[in-house]
Amino acid sequence: MKTAPEWAAAAAAQRPAGLAWIDGRPVPSSSGRTRPTVDPATGQVIAEVAECDERDVDLAVDAARRAFLSGSWSRQGPRDRAAVLSRLADLILANLDELALLDSRDGGKRIVDTTAIDIPGSAAILRWYAESLDKVYGEVAPTGPGDLATVTREPLGVIAAVVPWNYPLEMAIWKLAPALAVGNSVVLKPSEETPLSALRLGELATEAGLPDGVLSVVPGDGPVVGQALGRHTDVDAVTFTGSTQVGKLFQLYAGESNMKQVWLECGGKSAVVVLDDVTDLDAVAAGVTGGIFTNAGQVCSATSRLVVQRGVAEALTERLLARTAAITVGNPLDPATDMGPLVSIGQATQVRSLLTDGAAEAAALVGGELEPGAATECFVRPAVLVDVAPTARIAQTEVFGPVLVTHVVDTEEEAIAVANGTPYALAAGLWTDDLRRAHRVAAALRAGTVSVNCVDALDVSTPFGGFGLSGYGRDLSLHAMDKFTGLKTTWVHYG
Ligand code: NAD
C-alpha cells in the first residue's frame with residue numbers, strides 16, 4: 001500500500017479526460033457543455049466532465065440498439081462473451097490504483113476501501129458472471145409426443161443502468177456484469193457526483209474487446225439524462241440504484257412511455273437487533289459501529305438503527321460511544337484514516353440538518369459536528385442519537401450519513417416490531433448467542449438480507465435487494481441474470 005504522500009502525488013498527476021463514452025469512442029457532449037467534478041476532501045476540481053443531454057442519450061441508445069441487432073455481442077457464443085468479460089476484469093485489476101484513486105477522489109472514499117474492496121470486488125463480480133454465463137441451460141417443456149417446446153432465456157435488448165455515488169464503479173458493475181453476460185447492450189448513467197471511474201470503464205471495456213455500442217457511458221444531470229433514459233421508447237429495461245424518491249420516478253417514466261421493465265434498488269433504514277443474551281459486547285459494539293460508519297454511513301444497507309434489549313443496553317451504549325469518539329475523520333488518501341468526508345457539501349448539510357432535528361427527539365446526541373480543522377465542510381464526525389422514539393422522524397428517514405439512532409426495548413417481540421417498523425426493508429442485523437432465538441428472530445425480520453452475528457453480509461453468490469420502499473428485483477447471484485432476460489417458448493410440432 002502506498003503512503004499518504006505517495007497517493008497525493010499520484011492524485012496530482014492524474015488527469016481524467018472527462019469525455020462521455022459513446023459507441024466505442026470518447027466524445028464531448030452534444031451541447032459542448034461540461035460540469036466540474038469536485039474532490040470533497042480538498043474542494044478542488046478533478047476534471048470537467050461532459051454534461052450530456054437527451055441528444056447524447058439518443059446517440060447512445062441508438063448505438064446500443066444497432067449493436068444488439070447486429071448480433072456482434074448478443075449472438076456471440078457464450079464462451080466468447082465470457083472471454084471478453086474476463087479480459088475486462090483483468091484490465092480493471094491492471095488499472096487498480098488508477099480506478100481506486102478516481103473513486104476515492106471523486107467520492108471522498110477511503111483509499112484503503114477502494115483498493116481493497118471496490119475495485120477488486122468489481123473485477124471479481126465480472127469474473128463470476130463470466131464464469132457463470134455458459135452454465136445456464138434452457139428447458140424442454142413436458143408437452144407430450146409430437147411436439148417439442150423449448151424454453152430459452154433471451155436478452156431483453158437495451159438496458160439503461162442508472163447508479164448512485166457511494167460505490168461508483170462497483171454499483172455500475174453490479175448492473176452491467178449480469179446484463180452484458182446474457183447478451184444485452186447497456187447504457188450506463190453514473191452519478192453526477194462520481195462519473196470518472198465509469199468513463200474509464202467504458203474505455204477499458206472497448207480495450208477488452210466489447211464491440212462498439214454495447215456499452216456506452218453518458219454522464220450528466222439526473223433529471224435530464226436519467227429521465228431521458230427512463231422515458232426512452234427504445235430502452236427495454238431500467239436497472240436503478242438510488243433513492244426511493246427517484247426510484248418512484250422511474251416507475252412513472254416507464255408507465256408514461258413504453259412500459260419498460262424497471263428494477264429498483266432503493267434506500268433503507270436498516271435495523272440491527274441486539275438481544276440480551278449476548279456475552280461479547282465488545283464484538284457487538286465493533287459490529288454495530290462497522291455496520292453504520294463504513295463508507296461514512298453512505299451505504300444503502302447501513303444498519304442505522306440499533307434496537308437493543310434493556311438488559312445489555314447500557315453496557316453496549318457505553319462501548320459504542322467510546323468507539324465512536326475514537327474514530328479518526330480525515331484525509332481519505334491516508335491509509336490510517338478511519339472515515340473520510342461525505343460526498344459533497346450538499347450531502348453534509350443535509351445530514352447535519354437531520355441531526356439537528358433528531359437531537360430534539362433523543363435523550364442525547366454524541367458527535368455529528370464538523371471535524372475541526374478539516375479542509376472542507378464535508379467532514380462530519382460520526383454521530384449517535386441515544387434512545388430515540390421509534391416513530392421519530394430521524395428514526396424513520398434515511399440519513400445516508402454516519403448517524404446511528406438507538407432504541408431500547410424490553411422483549412424479543414418488541415425488538416422485532418421496532419426493527420420492522422419502517423416502510424423500508426433492505427437489510428437487518430441480529431446479534432444473539434442463542435441459536436434458537438437466532439433462527440426465530442431472523443425469520444421474523446422483514447429484509448432482503450439478515451446478517452446474524454456478522455455485519456452487512458454480502459457475496460456475489462447471494463441476491464441483494466429489498467422489499468417495500470427499498471425496491472424490488474435483486475442484484476448479484478444468478479437471479480440477476482434472470483431479470484435481464486425474458487423467457488421465450490419455441491414450439492415445434494413434428495408429430
Ligand atoms: P439519487 O436517487 O439521487 O441518484 C441516483 C441516480 O439517479 C443518479 O445517477 C442520479 O443522477 C439519477 N437521478 C437523480 N434524479 C433523477 C431524476 N429526476 N430522474 C432520473 N434520474 C435521476 O441517489 P444518490 O443520492 O446518488 O444515492 C443515494 C441513494 O441511493 C440512497 O437513497 C441510497 O440508499 C441509495 N442506494 C441504494 C442501494 C441499494 O442497493 N439498495 C445502493 C446504494 C445506494
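Excluded from the calculations below are hydrogen atoms, water molecules and symmetry mates; all remaining heavy atoms, backbone and side chain alike, are included. Whatever order the structure lists them in is the order used to number ligands and atoms, beginning at 1.
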- [ ] List every atom of ligand 1 that sits less than 4.0 Å from any heavy atom of Phe250, numbering the atoms from 1 in the order shown and giving each element.
- [x] 20 (C), 21 (N)
TODO: Would you indicate whether the side-chain heavy atoms of Leu478 and Ser132 approach each other to under 4.5 Å?
DONE: yes
- [ ] May I ask you to decide if Asp23's main-chain N or O and Ser216's side chain share a donor-acceptor pair within less than 3.5 Å?
- [x] yes
Task: Selection from Gln245, Lys248, Glu398 by shortest heavy-atom distance to atom 31 (C) of ligand 1 - done: Glu398
Open item on the list: Counting only heavy atoms closer than 4.0 Å, does ligand 1 sit against the backbone of Pro190, its side chain, both, or neither?
Closed with: backbone
TODO: Just jot down the ligand 1 atoms closer than 4.0 angstrom to any heavy atom of Gln227, in number order.
DONE: 19 (N), 20 (C)
TODO: Kindly state if atom 21 (N) of ligand 1 has a protein heavy atom within a strict 4.0 Å cut-off, that is, under 4.0 Å?
DONE: yes
TODO: Provide the number and element of each atom of ligand 1 under 4.0 Å from a heavy atom of Leu426.
DONE: 41 (N)
Task: Residue part near ligand 1, for Thr244, under 4.0 Å between non-hydrogen atoms - done: neither
TODO: Please say whether the positively charged group of Arg474, taken as NZ for Lys or CZ for Arg, lies over the ring of Phe467, i.e. under 6.0 angstrom from the six-membered ring centre and within 45 degrees of the axis.
DONE: yes
TODO: Measure Leu229 to ligand 1 on non-hydrogen atoms and call it side chain, backbone, both or neither using the 4.0 Å cut-off.
DONE: neither
Open item on the list: Show the atoms of ligand 1 that are less than 4.0 angstrom away from any heavy atom in Tyr253.
Closed with: 17 (C), 18 (N), 19 (N), 20 (C)
Open item on the list: For a 4.5 angstrom cut-off between non-hydrogen side-chain atoms, does Val403 reach Ile292?
Closed with: no
Task: Tyr167 contact mode with ligand 1 (heavy-atom cut-off under 4.0 Å) - done: neither
Task: Heavy-atom pair of closest approach, residues Cys266 and Leu469 - done: CB-O, 3.6 Å
Task: Heavy-atom proximity to atom 27 (O) of ligand 1, best of Ala228, Pro164, Ser270 - done: Pro164
Open item on the list: Regarding atom 6 (C) of ligand 1: of the candidates Val163, Leu249, Val246, which has the closest heavy atom?
Closed with: Val163
Task: Best match, Gly222, Ala160, Gly465: closest heavy atom to atom 16 (C) of ligand 1 - done: Gly222
Open item on the list: Measuring centre to centre across the rings, with the benzene-like ring taken for any Trp, is Phe464 within less than 6.0 Å of Trp174?
Closed with: yes
- [ ] In sequence, state the C-alpha distance, the side-chain angles, and the governing distance for Phe400 and Trp165, and then conclude on ring pair (Phe, Tyr, Trp, His ring centres under 6.0 Å).
- [x] CA-CA 11 Å; Phe400 219 58; Trp165 41 258; 5.2 Å; yes
Task: From OG1 (Thr37) to CD (Gln44), nearest 0.5 Å - done: 13.0 Å
Open item on the list: Is the contact between Val299 and ligand 1 made by the side chain, the backbone, both, or neither, using heavy atoms and a 4.0 Å cut-off?
Closed with: neither
Open item on the list: For Thr241, which part has a heavy atom under 4.0 Å from ligand 1: side chain, backbone, both, or neither?
Closed with: both
TODO: Would you check the N or O atoms of Trp174, main chain and side chain alike, for any that come under 3.5 Å of an N or O of ligand 1?
DONE: no
Open item on the list: With a 3.5 Å distance limit and no angle check, can you tell me whether Glu256 reaches the backbone of Tyr253 through a side-chain donor-acceptor pair?
Closed with: no
Open item on the list: Going by the closest heavy atom to atom 1 (P) of ligand 1, which one wins out of Cys266, Ser243, Ser344?
Closed with: Ser243
TODO: Ignoring hydrogens and angles, state whether a donor on the side chain of Thr239 or Lys175 is under 3.5 Å from an acceptor on the partner side chain.
DONE: yes
Open item on the list: Can you name the atoms of ligand 1, numbered from 1 with element, that are less than 4.0 Å from a heavy atom of Ser191?
Closed with: 9 (O)
Task: Arg200 bridged to Glu98 by N-O distance under 4.0 Å - done: yes
Task: ligand 1 contact on Glu193 by region, counting heavy-atom pairs under 4.0 Å - done: neither
Open item on the list: Test of understanding: given a 4.0 Å heavy-atom threshold, classify the contact between Trp165 and ligand 1 as side chain, backbone, both, or neither.
Closed with: both
TODO: Please report the closest heavy-atom contact between Leu99 and Ile92, naming both atoms and the distance.
DONE: CD1-O, 3.8 Å
Task: CA sep, side-chain torsions, deciding dist, call: Ser477, Thr462, side chain to side chain donor-acceptor pair (under 3.5 Å) - done: CA-CA 5 Å; Ser477 80; Thr462 55; over 6 Å; no
Task: Atoms of ligand 1 close to Phe400 [distance to a heavy atom under 4.0 angstrom, numbered from 1] - done: 28 (C), 31 (C), 33 (C), 34 (O), 44 (C)
- [ ] Without swapping roles, check the side chain of Arg305 against the backbone of Leu404 for a donor-acceptor pair under 3.5 Å.
- [x] no
Task: Atom indices of ligand 1 within 4.0 angstrom of Val162 heavy atoms, with elements - done: 6 (C), 7 (O), 9 (O), 12 (C)
- [ ] Distance to 0.1 Å, residue and atom name: give those for the protein heavy atom nearest to atom 44 (C) of ligand 1.
- [x] Asn166 ND2, 3.5 Å
Open item on the list: Checking the N or O distance criterion of under 3.5 Å, is ligand 1 in contact with Asp221?
Closed with: no
TODO: Determine yes or no for a side-chain-to-main-chain donor-acceptor pair under 3.5 angstrom, with Arg231 supplying the side chain and Ala254 the backbone.
DONE: no
Task: Closest candidate by heavy atom, reference atom 42 (C) of ligand 1, pool Cys300, Gly242, Gly247 - done: Cys300
Open item on the list: Do Pro332 and Met339 make a side-chain contact, defined as non-hydrogen atoms from C-beta onward lying under 4.5 Å apart?
Closed with: no
Task: Atom indices of ligand 1, in the order listed, that fall short of 4.0 Å to a heavy atom of Phe240 - done: 2 (O), 5 (C), 6 (C), 7 (O)
Open item on the list: Heavy atoms only, cut-off 4.0 Å: how does Ser470 contact ligand 1, side chain, backbone, both, or neither?
Closed with: neither
Task: Taking atom 10 (C) of ligand 1 as the reference point, the nearest protein heavy atom with its distance - done: Glu192 OE1, 3.5 Å
